[in-house]
Amino acid sequence: MLEIYNTLTRSKQELIPITPGKIGIYVCGMTVYDYCHLGHARVMIAFDVVVRHLRALGYEVTYVRNITDVDDKIIARAQQNTESIDSLTQQFIDAMHEDERALAVIAPDQEPRATQSMPQIISMIAKLIENNSAYIGSNGDVFYAVNQFSSYGKLSGKRIEELRAGERIDIDSAKRDPMDFVLWKSAKPDEPAWESPWGNGRPGWHIECSAMSTDCLGNHFDIHGGGMDLQFPHHENEIAQSEAATGETFVNLWMHNGFVRVDEEKMSKSLDNFFTVREVIKTVRDPEVIRFFIISSHYRSPLNYSQDNLNEADSALTRLYTALRGYPTSDKAPERQAGYTNQFNDAMNDDFNTPSALSVLFEVAREINRNQSKPDVAATLAGQLRQLGGRLGILQQNADQFLKKSIPRQTDTQTTSNTDENAVASSSVLSDDEINQCIKQRTDARNNKNWELADKIRDELMEQGIILEDISGSTTWRRG
RNA sequence: GGCUGCGUGGCAGAGGGGUUAUGCAGCGGCCUGCAAAGCCGUGGACGCCGGUUCAAAUCCGACCGCAGCCUCCA
């Protein structure tokens, strides 16, 4: 039985599909005016893990993740770059897809874009105006009337009066109530605009998600997710809009992932403490290290980004790949040890407890290592380890190739924003051929019991980050 | 100020009323020419103060500390 923490009820609850056997899930995706940072990577990976597990349980999943491709920041950035909005957003959509592939994130089934969803958005706004949930303000913008929605605040635990009392809310005279939020913004000169019954303009941020999610998944669907910071006001407003427009319950389960932090602070654009996926990829031997790092903590916990923690992830992954080394990559071995799979499932069924699931992988790895003398048993276990790893999107590479990949020279990404020169400077690396030459010389020396020379060669390789291992009569190497 | 959530061993990170998390690092041993890898064994923990209980790191309350939201943000 799969239990998921529901922000709406602040408790774990069983997932009961609206349509038996099927799950519709919508995740708030990126606003594409810049490269994805680690926080975005966390959303992508967290929900990738969710979808993988739902599918492993046999659900037919429809996974929708939107792209916000028009908003104030996009417009500002395009003007600043003197390029069109389309070329700006296309560039960063492509970059996002690259990052996604690098992190082994399976693409969503649908990726609706705001600019391509105008009819749905306009029709939802029209419905809201029709039933008095929205009105046209004195400046021509269309606003949602929060006081018309009695359960406003049910997701975030906020009450309207308290919010009104807050000092931080700007008084916008066009609104009837400071809490009201914009559904349709009239276009200023030089701004992109779409025709609507309320004049040329563009949608507010919240309405696009209501329109796209219900368009793709129906008025009432199973799971809606996103980062914690979207809880209020974004998701609260989505509920208000959607339920007022359709008269139906919007979403059964709300999932929110925790932040990536830097020095115990939220990673964010405004604090300028963010690291892009592509720059962090340059600091690790393989992007899989980043993926492992992200799933090594629970999706709702804070995750502190540092090079040390990334290195730890590398060590842990190295242990798993070391256990897999020498066993075939594609192994459809039968699962002899149902116990491990059960443990793994139990962990994942408990609100996607990936750290606990990973601990099962380490148990399997130990069992493989224990059974080195029984190749059949070990190979079967290796197949199982690969299979379970696959359910988390890890351990699908050739183990030996992974272990031979070079680890970039450690740079302090905490204080210096990594430029290309910094990160790539590592690589005066020896070629495989050169390494094998050295190993051959060392083997000769060892055969002559010339330990001094043999150790000298090994030490020199070590200085280059090459670690030798003498395993059952032959010598292999890896980078560490 | 209001509302969330969190404080676990040297570090990372699960768990969660009585019984080993796991990984890295440490210590002892086995293996090895010596190493590395691996295996076996091992030390070390639940912010503080009260309460409930036969029993609390785990439940309840106060306190302290941290993060987040209340403004665009994954």
Side-chain angles (χ1 to χ4, degrees), chain A residues 7 10 27-31 36-47 65 68 71-73 153 155-159 161-170 179 205 225-234 236 256-261 264-271 274 292-293 296-298 300-304 306 308-320 322-323 325 343 347 350 353-363 365-366 368-373 403 446 449-452 454-455 458-459 462 466-472 475-478 480:
Chain A
T7 307
R10 310 269 165 199
V27 172
C28 288
M30 269 37 94
T31 300
C36 292
H37 65 231
L38 240 33
H40 300 114
R42 193 175 193 194
V43 184
M44 296 196 284
I45 290 172
F47 289 99
R65 193 185 60 208
T68 297
D71 92 319
D72 292 351
K73 284 180 183 162
L155 180 69
S156 54
K158 297 181 187 303
R159 281 184 286 137
E161 312 79 64
E162 283 163 358
L163 288 165
R164 279 202 193 103
E167 311 148 41
R168 302 171 78 182
I169 293 159
D170 289 338
M179 286 311 303
W205 175 38
M228 297 257 274
D229 44 0
L230 299 185
Q231 236 173 76
F232 188 90
H234 185 55
E236 197 71 71
H256 295 280
N257 65 274
F259 299 126
V260 177
R261 293 188 193 171
E264 305 303 327
E265 243 182 351
K266 177 185 176 183
M267 179 180 288
S268 72
K269 300 257 164 129
S270 48
L271 289 167
F274 64 91
F292 187 96
F293 165 63
S296 67
S297 87
H298 184 85
R300 285 191 282 113
S301 302
L303 177 63
N304 222 320
S306 71
D308 280 352
N309 290 348
L310 237 30
N311 291 343
E312 259 205 47
D314 184 272
S315 302
L317 247 193
T318 294
R319 174 165 166 82
L320 294 175
T322 301
R325 187 163 50 175
Q343 276 182 57
D350 181 14
N353 193 332
T354 50
S356 183
L358 285 174
S359 77
V360 178
L361 302 195
F362 285 101
E363 284 184 41
R366 171 170 290 115
I368 292 169
N369 293 332
R370 276 192 194 123
N371 282 285
Q372 290 305 325
S373 58
L403 295 169
R446 292 181 75 213
K449 301 213 188 299
N450 186 349
W451 309 127
E452 204 180 321
D455 291 353
R458 187 174 62 197
D459 290 347
M462 179 61 105
I466 313 295
I467 299 166
L468 298 190
E469 297 177 3
D470 299 327
I471 294 170
S472 54
T475 301
T476 188
W477 63 274
R478 64 189 168 92

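Hydrogens, waters and symmetry mates are skipped; everything else that's a heavy atom, side chains included, is used. Residue numbering restarts at 1 for every chain, and letters A, B, ... go by the order of the sequence lines.
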statement: Of the listed B:A14, B:A12, B:C70, the closest approach to the A:L163 side chain comes from B:C70
Report each atom pair, protein N/O against N/O of nucleotides 2-4 of chain B, whose distance is under 3.5 angstrom.
unit_1: B:G2; atom_1: O2'; unit_2: A:E162; atom_2: OE1; d: 2.9
unit_1: B:G2; atom_1: O2'; unit_2: A:E162; atom_2: OE2; d: 3.4
unit_1: B:G2; atom_1: N2; unit_2: A:K158; atom_2: NZ; d: 3.0
unit_1: B:C3; atom_1: O2'; unit_2: A:S156; atom_2: O; d: 3.4
unit_1: B:C3; atom_1: O2'; unit_2: A:G157; atom_2: O; d: 3.3
unit_1: B:U4; atom_1: O2'; unit_2: A:R10; atom_2: NH1; d: 2.9

- request: Give, for atom CZ of A:F232 and atom CG of A:L163, the distance between the pair rounded to the nearest 0.5 Å.
  value: 4.5 Å
- prompt: By salt bridge (Lys or Arg N to Asp or Glu O under 4.0 Å), which residues pair with A:K269, not counting sequence neighbours?
  reply: A:D34
- line: To the nearest angstrom, the CZ-P distance between A:F232 and B:C69 comes to 13 Å
- request: Using atom CD of A:Q372 as one end and atom P of B:A36 as the other, report the distance to the nearest whole Å.
  value: 18 Å
query: For atom C1', what is the distance between B:G38 and B:G13, given to the nearest Å?
result: 24 Å
message: One thing to verify: whether A:R366 and A:E363 come together as a salt bridge, which I'm taking to mean a side-chain N less than 4.0 angstrom from a carboxylate O.
response: no
- line: Assert: residue with more 5' nearest nucleotide on RNA chain B, out of A:S270 and A:R478, is A:R478
Pairs: protein N or O with nucleotides 63-67 of chain B N or O, under 3.5 Å:
unit_1: B:A67; atom_1: O2'; unit_2: A:R261; atom_2: NH2; d: 3.2

- request: Applying side-chain hydrogen bond (donor to acceptor under 3.5 Å, both in side chains), name anything that partners A:R42, two or more places apart in sequence or on another chain.
  value: A:S297
field: Close side-chain approach of A:R300 to A:T7, heavy-atom, < 4.5 Å
entry: no
query: Any donor-acceptor pair under 3.5 Å linking the side chain of A:E236 with the backbone of A:S156?
result: yes
- prompt: Which heavy atom in A:Q231 sits nearest to a heavy atom in A:L155, and how many Å separate them?
  reply: O-CD2, 3.7 Å
- request: Check the pair A:R446 / A:W451 against side-chain contact (heavy atoms from CB on, under 4.5 Å), numbers first and verdict last.
  value: CA-CA 6 Å; A:R446 292 181 75 213; A:W451 309 127; 4.0 Å; yes
- line: dist A:N304:CG -> A:M267:CE (nearest 0.5 Å) comes out at 9.0 Å
Between B:G29 and B:C34 - P atom distance, rounded Å: 14 Å
task: Look at all strands and tell whether A:K73 reaches a base, only sugar-phosphate, or nothing, counting heavy atoms closer than 4.0 Å.
output: base
message: Within the 4.0 Å heavy-atom criterion, would you say A:V260 contacts the bases, only the backbone, or no part of the nucleic acid?
response: base
query: Atom CD of A:E236 and atom C1' of B:C69: how far apart are they, to the nearest Å?
result: 12 Å
message: For a quick test of reading the model: is some side-chain N or O of A:N304 closer than 4.0 Å to OP1 or OP2 of B:A12?
response: no
message: Holding to side-chain hydrogen bond (donor to acceptor under 3.5 Å, both in side chains), I want the full list of residues that pass it with A:D350, two or more places apart in sequence or in another chain.
response: A:K12
- prompt: How far apart are the closest heavy atoms of A:L38 and A:V260, and which atoms are they?
  reply: O-CG2, 3.7 Å
- request: List in chain and number order the residues that pass salt bridge (Lys or Arg N to Asp or Glu O under 4.0 Å) with A:D72, two or more places apart in sequence or in another chain; answer none if no residue qualifies.
  value: A:K185, A:R202
query: Which whole number of Å gives the distance between the C1' atom of B:A55 and that of B:G23?
result: 32 Å
Residues forming a side-chain hydrogen bond (donor to acceptor under 3.5 Å, both in side chains) with A:E265, sequence neighbours excluded: none
Interatomic distance, A:L303 atom CG to A:N309 atom CG [nearest 0.5 angstrom]: 7.5 Å
task: Tell me whether the OP1 or OP2 atom of B:A14 has a side-chain N or O from A:T354 closer than 4.0 Å.
output: no
- request: Could you work out the separation of B:C63 and B:U19 based on their P atoms and round it to a whole Å?
  value: 31 Å
message: Tell me every residue that passes salt bridge (Lys or Arg N to Asp or Glu O under 4.0 Å) with A:D71, counting only those two or more places apart in sequence or in another chain.
response: none
- prompt: Does A:N369 place a side-chain N or O at less than 4.0 Å from the phosphate oxygens OP1/OP2 of B:C39?
  reply: yes
message: From CG of A:L468 over to P of B:C34, roughly how many Å is that when rounded to an integer?
response: 17 Å
Protein-nucleotides 23-27 of chain B N/O pairs closer than 3.5 Å?
unit_1: B:G23; atom_1: OP1; unit_2: A:R366; atom_2: NH2; d: 3.1
unit_1: B:G23; atom_1: N2; unit_2: A:E312; atom_2: OE1; d: 2.6
unit_1: B:G23; atom_1: N2; unit_2: A:E312; atom_2: OE2; d: 3.0

- request: Using the P atom on both, measure B:G43 against B:A35 and round to a whole Å.
  value: 25 Å
- request: Report which part of the nucleic acid A:R42 touches: base, sugar-phosphate, or nothing (heavy-atom distance under 4.0 Å, all strands).
  value: nothing
- prompt: Between A:L403 (CG) and B:G38 (C1'), how many Å, whole number?
  reply: 14 Å
Where do N or O atoms of nucleotides 31-33 of chain B meet protein N or O atoms at under 3.5 Å, pair by pair?
unit_1: B:G33; atom_1: N7; unit_2: A:R446; atom_2: NH2; d: 3.4
unit_1: B:G33; atom_1: O6; unit_2: A:R446; atom_2: NE; d: 3.1
unit_1: B:G33; atom_1: N1; unit_2: A:D455; atom_2: OD1; d: 3.0
unit_1: B:G33; atom_1: N2; unit_2: A:D455; atom_2: OD1; d: 3.4
unit_1: B:G33; atom_1: N2; unit_2: A:D455; atom_2: OD2; d: 2.7

query: Looking only at atom P, what distance separates B:G41 and B:U53, rounded to whole Å?
result: 41 Å
field: A:S268 vs A:A365, nearer the 5' end of RNA chain B by closest nucleotide
entry: A:A365
Interatomic distance at P, B:G61 relative to B:G5, whole Å: 12 Å
query: Can you tell me how far C1' of B:A12 sits from CG of A:L358, to the nearest Å?
result: 13 Å
Rounded interatomic separation in angstrom, taking CG from A:L361 and P from B:A14: 15 Å
message: Tell me the closest heavy-atom pair linking A:R319 and A:N369, and the distance in Å.
response: NH1-ND2, 4.3 Å
field: Runs of at least three Watson-Crick or G-U pairs with RNA chain B, cut-off 3.5 Å
entry: B:1-7 with B:64-70, B:10-12 with B:22-24, B:26-30 with B:38-42, B:49-51 with B:59-61
field: Residues that A:S472 engages under side-chain hydrogen bond (donor to acceptor under 3.5 Å, both in side chains), provided they are two or more places apart
entry: none
query: Quick one: OG on A:S306 to CZ on A:F293, what's the gap to the nearest 0.5 Å?
result: 6.5 Å
message: With a cut-off of less than 4.0 Å, is there a side-chain N or O of A:W477 near OP1 or OP2 of B:A36?
response: no
Nearest non-hydrogen partners of A:R325 and A:I471, listed with the distance: NH2-CD1, 3.8 Å
query: Given the P atoms of B:C54 and B:C40, what is the spacing between them in whole Å?
result: 41 Å
task: Nearest whole angstrom, please: distance from the P of B:U20 to the CD of A:Q343.
output: 14 Å
